[in-house]
Amino acid sequence: MRVVLLGPPGAGKGSLAGVLKEKYHLAHISTGDMLREEIKKGTPLGAEIKALITKGALVSDELVTKLVEQRFLHDPDLKKGYMLDGFPRTAKQARDLDAILAKAQMPLDFALNMDADPDLILKRLTGRRVCRKCGALFHMTNKPPLKNGVCDLCGGELYQRTDDNEETIKARMQVYHESTQPIIDHYAKQHKLKKLDGNLETADLAQALAAMLK
Ligand code: ADP
Ligand code: ZN
């Protein structure tokens, strides 16, 4: 299966990605994760990226598209199927992705759009905690770890992303509406658009996904 996950921040793309990894063994291509890896390296490029992410602004199309292209050229894991999470985010990225996939001969099966209510999105993002080591997602009230600040899965340290604060979340939502929402139409025109309700909690979401795939 080859899919693109679409939807605003906090709509549940990350949770769905977890399900797709566990149950359907898809490779996870998250441009957000790839960019955060670059920040960790402490390079000048990483510092530039960090400044943009912390503001809730987008990183340049050129840079992000190159990261994705490299994965399609060099990552053998993608043969088992892939999900793109957080890419494409602009009309230009969507067009460039079409070309990358055609060249790699790994065309998309469908794009999966998710949306959720704004107040739910805000609660999800402000309460979100992420494992520094394995990337597992937790939530202060919806899915607290067994031990405060510690990942249940690997014992890694949990942290809050610098962009998961109310002010930056507002900026990210604005960017989403301006730049990313229009590309839903790109996939509708290709007759590849499917939808899931992002208001669902993970277990129900997994069920809705299974029903959709039948
Ligand atoms: P979320 O979906 O929760 O907003 P991501 O981890 O996908 O989070 O992205 C975090 C940030 O990384 C974005 O706000 C943006 O600054 C940057 N980013 C991620 N993917 C892209 C992309 N495809 N194009 C431009 N910037 C991106
Ligand atoms: Zn962990």
Side-chain angles (χ1 to χ4, degrees), residues 4-18 21 28-40 45-71 83-97 100 111-116 118 120-139 143 145-147 149-183 186 198:
V4 162
L5 308 181
L6 296 174
K13 298 191 296 293
S15 307
L16 186 68
K21 206 180 224 163
H28 188 196
I29 308 172
S30 159
T31 43
D33 286 349
M34 286 154 92
L35 294 169
R36 284 184 288 273
E37 282 302 314
E38 194 60 44
I39 294 175
K40 265 201 219 160
L45 177 64
E48 262 176 62
I49 295 171
K50 186 175 181 180
L52 290 168
I53 289 188
T54 305
K55 277 198 302 202
L58 293 183
V59 174
S60 78
D61 287 337
E62 289 74 13
L63 173 64
V64 181
T65 303
K66 192 171 280 170
L67 289 175
V68 171
E69 187 174 27
Q70 290 302 315
R71 284 287 287 274
M83 58 182 137
L84 281 153
D85 170 6
F87 184 93
R89 250 182 166 88
T90 65
K92 169 107 174 62
Q93 290 178 17
R95 290 193 299 271
D96 289 341
L97 178 63
I100 291 170
L112 197 49
N113 189 41
M114 303 171 78
D115 211 343
L120 182 61
I121 285 180
L122 193 65
K123 274 191 207 132
R124 280 179 177 166
L125 294 179
T126 51
R128 174 160 75 178
R129 298 293 183 274
V130 189
C131 174
R132 233 181 247 293
K133 226 162 117 188
C134 76
L137 298 176
F138 294 86
H139 191 279
K143 194 190 172 194
L146 293 171
K147 196 171 156 214
V150 180
C151 175
D152 291 354
L153 305 179
C154 78
E157 181 203 357
L158 301 185
Y159 79 106
Q160 182 169 33
R161 276 170 45 175
T162 55
D163 55 348
D164 278 346
N165 62 79
E166 214 167 321
E167 195 190 335
T168 307
I169 292 166
K170 280 199 187 120
R172 286 157 66 197
M173 291 306 290
Q174 176 92 15
V175 168
Y176 170 77
H177 288 299
E178 277 166 15
S179 306
T180 310
Q181 208 170 25
I183 67 175
H186 180 88

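In each ligand, atom 1 is the first atom listed, and ligand 1 is the first ligand listed. Since this is a predicted model, take the numbers as computed values, not measurements.
- When the options L58, L63, V64 are evaluated for a side chain to side chain contact (heavy atoms under 4.5 Å, CB included) with S60, the one that passes is L63.
- For the pair L112 and M83, the minimum side-chain heavy-atom distance is 4.5 Å or more.
- For a heavy-atom separation below 4.0 Å, the residues in contact with ligand 1 are P9, K13, T31, G32, L35, R36, I53, A57, L58, V59, V64, G86, F87, R89, Q93, R128, R161, D163, R172.
- Contact check on R128 versus D163 returns no salt bridge, with no Lys/Arg side-chain nitrogen under 4.0 Å from an Asp/Glu carboxylate oxygen.
- If you look at the Zn ion (ligand 2), the protein N, O or S atoms less than 2.8 Å from it are C131 SG, C134 SG, C151 SG, C154 SG.
- Between K66 and E69 there is no salt bridge, since no side-chain N of the basic residue sits under 4.0 Å from a carboxylate O of the acidic one.
- Note that CZ of R172 and CG of L125 are 5.0 Å apart. Values are rounded to the nearest 0.5 Å.
- A side-chain donor-acceptor contact under 3.5 Å links T31 to the backbone of G86.
- Between the side chain of Q160 and the backbone N or O of T126, at least one donor-acceptor pair lies under 3.5 Å.
- At least one donor-acceptor pair under 3.5 Å links the side chain of K13 to the backbone N or O of P8.
- In this structure, R124 contributes its side chain and G10 its backbone to a donor-acceptor pair below 3.5 Å.
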